[in-house]
Every structure is written in C-alpha cells, then in structure tokens.
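Comments concern the structure below.
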Amino acid sequence: MTLSIRNQLPGTVTTVTPGEAMATVKIRLDGGQDLTAAITLEAVEELGLTQGSPVRALVKSTEVSLATAPVHGVSIRNQLPGTVTSLATGAAMASVKIAVDGGEITSAITKDAATDLGLTAGTTVVALIKSTEVSLATA
C-alpha cells in the first residue's frame with residue numbers, strides 16, 4: 001500500500017497501556033527515540049500489538065509542529081530533536097524537512113511561522129507531535 005503520509009517511522013512497541021476505550025502505545029523508534037501513540041483499544045487488538053511488535057508510526061506533516069528548543073510545561077508527549085535539512089516555501093505554507101536520528105520528518109507549517117522561527121538548513125529544531133496524531137501500522 002502506498003500512502004500520502006510523509007512521515008513513516010519504523011520502530012518496536014515497548015509498552016501497551018490499555019484503558020476503557022483507548023490505549024497508549026510506547027514505541028522505540030529505530031533511531032533510538034521514544035514515541036507515544038494514543039489509539040483505540042480496538043485498534044490495539046486488531047493489530048495484535050504487544051511488547052516487541054514491529055510497527056510503523058505514521059504522522060501527517062500537517063500534524064508536526066516545530067520549536068527551536070525543547071518545550072517544557074506542555075502536554076505534547078513526543079518531542080524529537082533534529083536539524084532542518086531543507087525548506088521549501090510558497091505564498092502561504094512551508095514544507096520543512098528535518099533529519100532526526102534514524103530518519104527524516106517533514107513538517108508543513110505556515111510561511112510566517114518558518115520566518116518567525118528563522119528556519120534555514122542547519123537550524124536545530126524539535127518536532128512536536130501529539131500522541132493522538134500518531135497512527136500505527138504493522139507489516
């Protein structure tokens with residue numbers, strides 16, 4: 001299956017914490033970072049997710065926010081440090097490619113945000129991703 005989702009990060013499930021309807025799934029990405037996904041309990045069961053399950057974390061580029069330093073005092077669980085490798089700007093939006101350990105993440109942000117953050121190739125950033133915006137796929 002081919003998907004339009006740019007961010008497809010391989011990893012391994014380390015923990016599944018079930019709740020009444022939702023579960024949090026912690027993943028160790030192949031680059032060594034930890035990522036949390038909040039998905040339905042039904043999805044956990046249908047995918048057969050358990051500790052050690054290989055998965056691919058899927059995140060739309062529009063769901064990746066950027067900061068120029070780690071952010072404290074925020075509910076966003078996933079903060080992946082990286083370096084901007086390229087930036088393409090249009091009249092309203094910018095597509096930012098970020099090298100992270102073990103892969104690459106693309107973020108779609110406004111042109112104004114990219115300008116305000118002073119983003120250029122080589123800028124150190126932190127990709128911020130809410131756990132509810134991470135989908136999981138199995139092979």
Side-chain angles (χ1 to χ4, degrees):
M1 172 183 350
T2 303
L3 299 173
S4 64
I5 296 175
R6 298 295 70 169
N7 301 309
Q8 300 184 26
L9 306 167
T12 304
V13 172
T14 58
T15 308
V16 177
T17 306
E20 293 298 318
M22 300 285 290
T24 56
V25 180
K26 295 197 184 223
I27 303 136
R28 173 67 45 89
L29 298 177
D30 287 357
Q33 314 91 323
D34 291 318
L35 192 73
T36 300
I39 62 174
T40 65
L41 193 54
E42 182 179 8
V44 169
E45 293 166 357
E46 286 179 3
L47 293 171
L49 299 179
T50 60
Q51 183 177 359
S53 296
V55 294
R56 192 165 288 276
L58 308 172
V59 183
K60 290 175 60 176
S61 60
T62 53
E63 301 302 333
V64 179
S65 297
L66 298 178
T68 55
V71 180
H72 304 284
V74 66
S75 65
I76 298 174
R77 299 291 83 196
N78 301 308
Q79 298 192 29
L80 303 176
T83 304
V84 174
T85 57
S86 68
L87 176 73
T89 57
M93 298 295 292
S95 177
V96 184
K97 293 196 182 298
I98 303 121
V100 297
D101 287 345
E104 181 178 77
I105 295 176
T106 300
S107 174
I109 60 175
T110 65
K111 177 183 172 186
D112 290 345
T115 300
D116 290 349
L117 293 172
L119 300 181
T120 61
T123 301
T124 299
V125 295
V126 178
L128 306 168
I129 307 165
K130 290 179 63 172
S131 60
T132 53
E133 300 305 328
V134 178
S135 297
L136 298 177
T138 56

- Message: Test of understanding: with side chain to side chain donor-acceptor pair (under 3.5 Å), list the residues that count as partners of Thr120, not counting sequence neighbours.
- Response: Thr123
- Keeping the roles fixed (side chain from Ser107, backbone from Val64), state whether a donor-acceptor pair exists under 3.5 Å. yes
- Please report the closest heavy-atom contact between Gly19 and Leu41, naming both atoms and the distance. O-CD2, 3.4 Å
- Please write out which residues are connected to Val74 in a hydrophobic cluster, directly or through intermediates, given that two of Ile, Leu, Val, Met, Phe, Trp, Tyr count as joined at side-chain heavy-atom separations below 4.5 angstrom. Val71, Ile76, Val126, Leu128
- Task: For Ala127 and Leu66, work out which heavy atoms get closest and say how close.
- Result: CA-CD2, 4.0 Å
- CD1-OG1 distance between Ile98 and Thr83, expressed to the nearest 0.5 angstrom: 9.5 Å
- Task: Only counting residues at least two apart or in another chain, list the ones meeting side chain to side chain donor-acceptor pair (under 3.5 Å) with Ser131.
- Result: none
- Item | Derivation and outcome, side-chain contact (heavy atoms from CB on, under 4.5 Å), residues Thr138 and Ser53 | CA-CA 8 Å; Thr138 56; Ser53 296; 5.8 Å; no
- Note on the structure: The side-chain contact (heavy atoms from CB on, under 4.5 Å) partner of Ile109 among Asp116, Leu87, Leu119, Thr89 is Leu119
- So, do Thr50 and Val16 sit near enough that their side-chain heavy atoms are less than 4.5 Å apart? no
- Query: Which residue pairs satisfy the salt bridge (charged side-chain N to carboxylate O under 4.0 Å, His left out) criterion with at least one member in residues 84-111, sequence neighbours excluded?
  - Reply: none
- Task: Could you tell me which non-hydrogen atom of Pro81 sits nearest to which non-hydrogen atom of Val100, and how far apart they are?
- Result: O-CG1, 3.5 Å
- Not counting sequence neighbours, list each pair that qualifies as a salt bridge (charged side-chain N to carboxylate O under 4.0 Å, His left out) and has a residue in residues 28-44. Arg28-Asp34
- Message: Walk me through whether Leu117 and Val125 qualify under side-chain contact (heavy atoms from CB on, under 4.5 Å).
- Response: CA-CA 9 Å; Leu117 293 172; Val125 295; over 6 Å; no
- Lys26 and its side-chain contact (heavy atoms from CB on, under 4.5 Å) partner, picked from Thr17, Thr15, Val13: Thr15
- Pairs in or reaching into residues 4-14: which pass side chain to side chain donor-acceptor pair (under 3.5 Å), with residues at least two apart or in two chains? none
